[in-house]
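Here's the structure, in structure tokens; my notes come after.
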Amino acid sequence: MGRPAPLIAVAATALLLGGCHHGDAGKARASAAALVAQVPLASAGFPPDAATARTGLGGLTVEWGKNWETYKRENFGRYWSDETDAVGGRNGCDTRDDVLRRDLRELREGDRNACVVLSGVLHDPYTGKELPYFYRRASQIQTDHVVALGAAWRGGAYAWTPQRRLEYANDLDVLLAVDKQTNYDKSSKTADKWKPPQKAYWCEYARRYTGIKVKYRLSVTPPEKQALQDMLATCP
């Protein structure tokens with residue numbers, strides 16, 4: 001059996017088959033928007049609370065990273081993909097658009113395409129900066145894999161199937177909209193080598209980071225585990 005068509009594509013097909021009357025177009029757009037809204041942009045219970053994160057961290061395999069020399073970005077897919085069963089998948093929207101719709105405030109979405117974010121403001125979790133966003137304009141916002149792809153590779157993703165890696169790369173639980181320069185600074189560093197400049201975010205960062213490691217059964221290095229324990233200790 002083939003993969004289901006993206007939801008917005010289904011609505012668009014229905015519009016073409018039914019004619020191009022203005023009323024039909026409006027109904028099709030409303031239908032597409034409703035279908036997009038049905039797909040959650042985060043897993044239930046994610047990120048885990050501090051106690052759950054500590055327990056999960058204690059159950060992870062502790063070992064030094066492996067196969068670092070074989071990592072390539074394209075091992076996780078060359079582009080964003082909606083064709084996965086990860087969180088936010090198969091809703092007809094580009095992964096980056098899903099992240100923007102979830103993370104931006106003062107959101108203004110497209111009338112014709114429910115996926116598109118026309119404008120909004122990001123309160124960057126890593127720095128505390130307020131970053132504006134406007135469709136088709138240069139932006140200081142990037143999409144970050146909280147546990148970077150290279151770090152995931154070293155922690156066990158080297159042994160996954162290509163589809164599993166594609167799912168990881170497009171899983172909204174793994175992704176955050178953040179300040180571009182800070183994302184460059186973070187690169188593929190693990191929690192022992194990089195922490196958010198805004199210390200007030202250390203608790204949630206560690207909860208997210210640990211939650212991803214647990215969800216995908218990725219190993220942690222000894223210094224990485226200690227760093228996560230230290231950040232979780234800042235939680236109220």
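These numbers come from the heavy atoms of this one structure, side chains and all, not from hydrogens, waters or symmetry mates.
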Q | Residue that, paired with Asp173, satisfies salt bridge (Lys or Arg N to Asp or Glu O under 4.0 Å) out of Arg208, Lys215, Lys213 | A | Lys215
Q) Hey, mind stepping through Gln198 and Tyr205 against side-chain hydrogen bond (donor to acceptor under 3.5 Å, both in side chains) and telling me if it holds? A) CA-CA 10 Å; Gln198 182 174 225; Tyr205 183 71; over 6 Å; no
Q | Leu175 vs His145 side-chain heavy atoms within contact, under 4.5 Å | A | yes
Q. With a 4.5 Å limit on heavy-atom distance, are the side chains of Arg105 and His123 in contact?
A. no
Q | From CD (Glu74) to OH (Tyr79), nearest 0.5 Å | A | 10.5 Å
Q. If every non-hydrogen atom of Ala151 is compared with every non-hydrogen atom of Ser188, which pair is closest and at what distance?
A. CB-O, 4.0 Å
**Q.** Member of Thr182, Asp144, Asp185 meeting the side-chain hydrogen bond (donor to acceptor under 3.5 Å, both in side chains) criterion with Tyr126
**A.** Asp144
Q) Is it true that the side chains of Tyr216 and Glu167 contain a donor and an acceptor less than 3.5 Å apart? A) no
(Q) Does any part of the side chain of Arg165, heavy atoms only, come nearer than 4.5 Å to the side chain of Pro162, both counted from C-beta? (A) yes
Q. Are more than 12 heavy atoms from other residues, nucleotides or ligands located less than 6.0 Å from atom CH2 of Trp64?
A. yes
Q. Under 4.0 Å between a Lys/Arg side-chain N and an Asp/Glu carboxylate O for Arg90 and Asp85?
A. yes
**Q.** Close side-chain approach of Leu57 to Lys225, heavy-atom, < 4.5 Å
**A.** yes
Q. Would you find a donor on one side and an acceptor on the other, under 3.5 Å apart, between the side chain of Arg108 and the backbone of Ser119?
A. no
(Q) Can you see whether Asp124 engages Thr127 through a side-chain donor-acceptor pair at a distance of less than 3.5 angstrom? (A) yes
Q) Between Asn113 and Asp97, is any pair of side-chain heavy atoms under 4.5 Å apart? A) no
Q. Just by modelled atom types, is the Tyr133 backbone N or O under 3.5 Å from a matching donor or acceptor in the Arg137 side chain?
A. no
Q.
Looking at Asn170, is its backbone amide N or carbonyl O close enough to the side chain of Trp80 to form a donor-acceptor pair, meaning the two atoms are under 3.5 Å apart?
A. no
Q: For residues 63-73, pull every pair meeting salt bridge (charged side-chain N to carboxylate O under 4.0 Å, His left out), keeping only residues two or more places apart or in separate chains.
A: Glu63-Lys66
Q | Residue pair Thr70 / Trp153, side-chain donor-acceptor N/O under 3.5 Å | A | yes
Q.
Between Leu176 and Arg102, is the side chain to side chain contact (heavy atoms under 4.5 Å, CB included) condition met? List the steps.
A. CA-CA 9 Å; Leu176 278 179; Arg102 184 196 63 190; 3.9 Å; yes
Q | Atom pair CG/CG of Asp82 and Asp98 - distance to nearest 0.5 Å | A | 7.0 Å
Q: Answer yes or no: does atom NZ of Lys199 have more than 12 heavy-atom neighbours from other residues, nucleotides or ligands under 6.0 Å?
A: no
